Amino acid sequence: MADTNNTNIVTRFAPSPTGFLHVGGLRTALYSYLLAKKSGGRFILRIEDTDRARTVPGGVENILTSLSWAGVNPDEGVILRDGEASESGANGPYTQSHRLEIYKKYADELVAKGNAYYCFCTADRLAQVKEDRQANKLPPGYDGHCKNLSKEEVENKLKNGDNHVIRLAMPDDGVCTFHDLIRGEVSFKYSDVDDQVLLKSDGFPTYHLAVVVDDHHMQVSHVVRGEEWISSTPKHIYLYECLGWTPTLFAHLPLLLNSDRSKLSKRQGDVAVLDYKEKGYLPEALLNFVAFLGWNPGDEREMFTLDELVSEFSLEKVNKAGAVFNIEKLDWYNREYLKKLDDEKLLKYIDTFMPEVARNSVNYKNILPRLMHTLLERISKGSEIAETYTENISYFFEKEKIDEGMLVWKSLKDNPNALDITRGYIAEARAILEGMPVESWDDREAIKGALWPLTEKYGRGEVLWPLRVSLSCRDKSPDPFELCYILGREEVLNRI
Ligand code: GLU
């Protein structure tokens, strides 16, 4: 079935607020968004907070803030309004913990129709079943004990107030086959599918009941989610069947992998989206990088705006194979997008990441706008500014001690008067610089042009090396014309 021919596709991103939004979640949200937007449809954000124990405070806000930073904004559902989580749309509530009555109604309906049953097994008994099944090398799952309770037994236990859950009665045989929009035809034997709990003893639904009820009620047409959910899909399809509803279409996205093809780890990049922001990745860079985790446009293009992604995206171009997370590629994207920033934005960006000690320097405001492009050639993200500050740029802001021996160019090393000769060259260079018109200080070529005759007279290394060292106090730094341009007249004349 071609996803792209559909009009008005409705998708949803349905995260559980059990932690912060990671890149895998951002990819699911982005692909869902792109698919819906391309068809002129709707993208819903639903919060699946049925696992009370694992819900973390601030989780919802983190998800919304991360999505909004990346520009992947829902049309409907839980949205960010004035910085706070709020709801919008006609099919709400969009937070599962606010929909308990709806789920209970369907769980009861399923019991009444014989598609689900009460289960009174205690935690101890379930632990025993688990142990026995392990010992007998059976797949994990419930043994169906309560499926066979008589009507009277069930009524008595309910009257007695015995703790219970409601389980889905999966068929004992038959096959569930569905067409996954990425993986093609997928089949599961019903006999391999466990009698899933639908409603827990605390009155909360499990994910499986809630997801089916909500996708149906919210008119979702396409479910886009990670591959880890594929084995749950037969339960969902069976539930749709029991409830007499048409199932959504499904697209299960490939896994995200480390470079050694193991499952993506924290160490290699599976960290919160906002951590990438903190490090100085631009939203455009992360978004393009994430878009390419399992998808590509089929040609050489690599940089897209969100709108361009909307028109280019299709599920047909999503790979089945796991997508390798290559952080160098993300760094490349970031550098490319940093290069596109105008000077004002770049200055603001670089400034945010500069260490305090640089900011306290009297020349900070003069130097930074001139230094930023040079700095950009050496970093791929803001966090590297502080990390490489001493190595790369501290000498622009803090005076360093000069090692006089370093001033002498190698051709003069054996000359007993090397230092005096070198001092003479620098003094001449200083005089030239001092006499240079003020406008020339804004132009590296003009600075070079002014100093060049001196290099022709005494030699390039002989003049430029000590000039550079006296300005940077380092054996490695940009050339002296660049240093003069960045440091400015006053500081240059002082330093020399
Ligand atoms: N709440 C599930 C999650 O956290 C959603 C799975 C789905 O999209 O059906 O990933």
Side-chain angles (χ1 to χ4, degrees), residues 3 9-36 42-56 58-64 66-67 72 74 76-78 85 93-100 103 168 176 178 180-183 186 188 193 196-198 200 204-240 245 247-256 263-264 270 272-273 290 293-294 315 318:
D3 60 87
I9 290 178
V10 179
T11 61
R12 80 323 187 254
F13 177 51
S16 301
T18 53
F20 294 158
L21 185 70
H22 282 212
V23 275
L26 179 60
R27 183 189 61 171
T28 306
L30 175 64
Y31 285 14
S32 306
Y33 171 94
L34 298 176
L35 186 61
R42 281 176 296 136
F43 169 59
I44 302 175
L45 188 93
R46 180 171 74 225
I47 295 295
E48 302 205 327
D49 59 345
T50 55
D51 192 341
R52 304 309 284 162
R54 293 184 56 225
T55 296
V56 301
V60 174
E61 288 73 16
N62 178 279
I63 290 163
L64 296 176
S66 307
L67 289 177
V72 181
E76 180 181 326
V78 182
Y94 295 90
T95 300
Q96 291 185 330
S97 58
H98 299 163
R99 300 171 61 82
L100 300 187
Y103 307 126
L168 179 61
C176 170
F178 61 94
D180 186 277
L181 295 170
I182 294 168
R183 325 191 75 79
V186 179
F188 285 91
V193 183
Q196 183 65 53
V197 174
L198 298 177
K200 297 180 271 187
F204 273 77
T206 56
Y207 155 70
H208 304 281
L209 176 61
V211 79
V212 168
V213 169
D214 290 351
D215 283 341
H216 175 74
H217 279 256
M218 295 172 189
Q219 296 145 18
V220 170
S221 62
H222 291 56
V223 164
V224 178
R225 61 185 172 198
E227 188 182 291
E228 64 275 23
W229 297 107
I230 201 162
S231 60
S232 296
T233 306
K235 294 173 196 173
H236 302 166
I237 290 184
Y238 186 61
L239 269 171
Y240 277 106
W245 299 336
T248 60
L249 298 175
F250 293 94
H252 289 92
L253 303 180
L255 290 177
L256 297 185
K263 195 166 170 276
L264 189 63
D270 188 20
V273 168
V290 163
L293 287 173
L315 285 177
V318 175

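Order of appearance sets the numbers: ligands from 1, and atoms from 1 within every ligand. Keep in mind that what you see is a predicted model, and the values were worked out from it rather than measured.
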Does the side chain of D49 pick up a donor-acceptor pair with the side chain of S97 at under 3.5 Å?
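Their side chains do contain a donor-acceptor pair, which is all the 3.5 Å distance test asks for.
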
Answer with yes or no whether the side chains of D214 and Y94 bring together a donor and an acceptor at under 3.5 Å.
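Absent: no donor and acceptor within the cut-off.
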
If we ignore hydrogens and angles and just use 3.5 Å, is the side chain of S32 paired with the main-chain N or O of F13 as donor and acceptor?
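Judged by distance alone, no pair lies under 3.5 Å.
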
Pair R46 + D215, salt bridge at N-O below 4.0 Å:
yes

N/O to N/O below 3.5 Å, does that happen between A14 and ligand 1?
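Between A14 and ligand 1, an N or O pair is found under 3.5 Å apart.
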
Residue selection (non-hydrogen contact nearest atom 8 (O) of ligand 1) among R12, H208, H236, Q96:
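It is R12 whose heavy atom sits nearest to atom 8 (O) of ligand 1.
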
Can you find a pair of side-chain heavy atoms, one from R225 and one from R12, that are under 4.5 Å apart?
yes

Any V193 side-chain heavy atom under 4.5 Å of Y238 side chain
no

What is the closest protein heavy atom to atom 6 (C) of ligand 1, and at what distance does it sit?
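Of the protein heavy atoms, Y207 OH, 3.3 Å lies nearest.
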
What is the nearest protein non-hydrogen atom to atom 4 (O) of ligand 1, stated with its residue, atom name and distance?
S16 OG, 3.2 Å

Proximal ligand 1 atoms for E48, defined as those under 4.0 Å from one of its heavy atoms
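Those qualifying, in numeric order: 1 (N), 2 (C), 5 (C).
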
Which is it for W229 and ligand 1 at heavy atoms under 4.0 Å: side chain, backbone, both or neither?
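Side chain only.
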
Is V211 in contact with ligand 1, taking contact as a heavy-atom separation below 4.0 Å?
yes

